[in-house]
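Worksheet for the structure shown next.
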Amino acid sequence: MPSLRELLAGDPVVVAPLLLGKILSVGGTSGRIAEVEAYRGGEDPASHAFRGRSKRNATMFGPPGHLYVYFSYGMHYCCNVVCQPEGVAGAVLVRALAPLAGLEEMSRRRLRAKSERDLCSGPGKLCQALGIDHSFDGLDLLSGSGPVRLSGDGSVRAAAIGSGPRIGLAPGLATAGEPWRFFLVGDPNVSRRASPDG
DNA sequence: ACCGGGATGTTCT
DNA sequence: GAACATCCCGGTG
């Protein structure tokens, strides 16, 4: 059995569905990963790493199993699990969680949320709910002692996983139509507009 | 339910 | 200056 970190050293498109069902936790808050998107580095024009290393994307080129956090649209943070061996860029964006623990704390951070479904049903929302900001960029998810952790054994049944094109990309990008978004079928936290069944 | 636009700042051309 | 891996609110059907 390969370790989780060994699995994460692979192609993000392969790793992404393996992350479904795993648990992301920060302090007393945690959620089960319900929706992800794969971003290939050099060969994917939608990836932040497509044009090479920069100050923002440096973590994507680092070792697998670390957290890549970026600031989006001047207002929100989004977080990724870094894939591929050190030196090769790749990441999986975490788009939605099913809240598991610390729901009161999440609600305090997300005053706009009108229901449990509003807590973590989006990449910006879940970072706000868990309190993830730029200071989390580069942290090891698998050290077992850090403030942010990725855990969980086993995998989700293939039949329970849906896939489709990634959300929010410019239509002209060569990889915009690739089905590199993966989600738990029927989970209410998954982006509704892009998956009528979910 | 669906759609359109504003907020807001970092990155790159 | 434009683009952007988003979210929220207020319009309309």
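Throughout, protein chains are lettered first and strands after them, A, B, ... in sequence-line order, and every chain is numbered starting at 1.
The distance between atom CD of A:Q128 and atom P of C:dC7, rounded to the nearest whole Å, is 10 Å. In this structure, the CZ atom of A:F182 is 19 Å from the P atom of C:dA5, given to the nearest Å. Rounded to whole Å, atom P of C:dC4 lies 13 Å from atom CZ of A:R166. Atom-to-atom, CG of A:L111 to P of C:dC7 comes out at 16 Å; the value is rounded to the nearest Å. The nearest whole Å value for the distance from the NE2 atom in A:H76 to the C1' atom in B:dT8 is 9 Å. One can place CD of A:E35 at 11 Å from P of C:dT6, the figure rounded to the nearest angstrom. If you measure from atom CZ of A:R51 to atom P of B:dT11, you get 15 Å, rounded to the nearest angstrom. Between the OH atom of A:Y70 and the C1' atom of B:dG9 there is a distance of 14 Å, given to the nearest Å.
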Query raised in the report: After noting the C-alpha distance and the side-chain angles of A:D187 and A:R117, does the key distance pass the salt bridge (Lys or Arg N to Asp or Glu O under 4.0 Å) rule?
Result: CA-CA 10 Å; A:D187 189 297; A:R117 176 180 302 187; over 6 Å; no
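Taking only distance into account, the side chain of A:Y73 never meets the base of B:dA7 through a donor-acceptor pair shorter than 3.5 Å.
Checked against a 6.0 Å centroid threshold, the rings of A:Y70 and A:H48 count as neighbours.
With rounding to the nearest 0.5 angstrom, the OG atom of A:S47 is 10.0 Å from the CH2 atom of A:W180.
The nucleotide whose nearest atom lies closest to any side-chain atom of A:H48 is, among B:dT13, C:dA5, C:dC8, C:dA5. Closest to the side chain of A:R56, from the set B:dT11, C:dC7, C:dC4, is B:dT11. In this structure, of C:dT6, B:dT8, C:dA5, it is B:dT8 that holds the atom nearest to the side chain of A:M75. Side-chain proximity of A:S54 to the nucleotides B:dT10, B:dC12, C:dA5 is greatest for B:dC12. Of the candidates C:dT6, C:dC8, C:dC4, C:dC8 carries the atom nearest the A:K125 side chain, counting heavy atoms from C-beta on. Out of B:dT10, C:dA5, C:dC7, the shortest distance to the side chain of A:F71 is found at B:dT10. Residue A:R95 places its side chain closer to C:dT6 than to any other of B:dG9, C:dT6, B:dT11.
A salt bridge links A:E37 with A:R95: at least one charged nitrogen is closer than 4.0 Å to a carboxylate oxygen.
Distances shown here put every side-chain N or O of A:R112 at or beyond 4.0 Å from the OP1 or OP2 atom of C:dT6.
The shortest side-chain heavy-atom distance between A:I132 and A:V69 falls under the 4.5 Å cut-off.
Within the nucleic acid shown, A:L169 comes within 4.0 Å of sugar-phosphate atoms alone, with no base atom in reach, counting heavy atoms only.
Under the Watson-Crick or G-U wobble criterion, with both distances below 3.5 Å, C:dC4 is paired with B:dG9.
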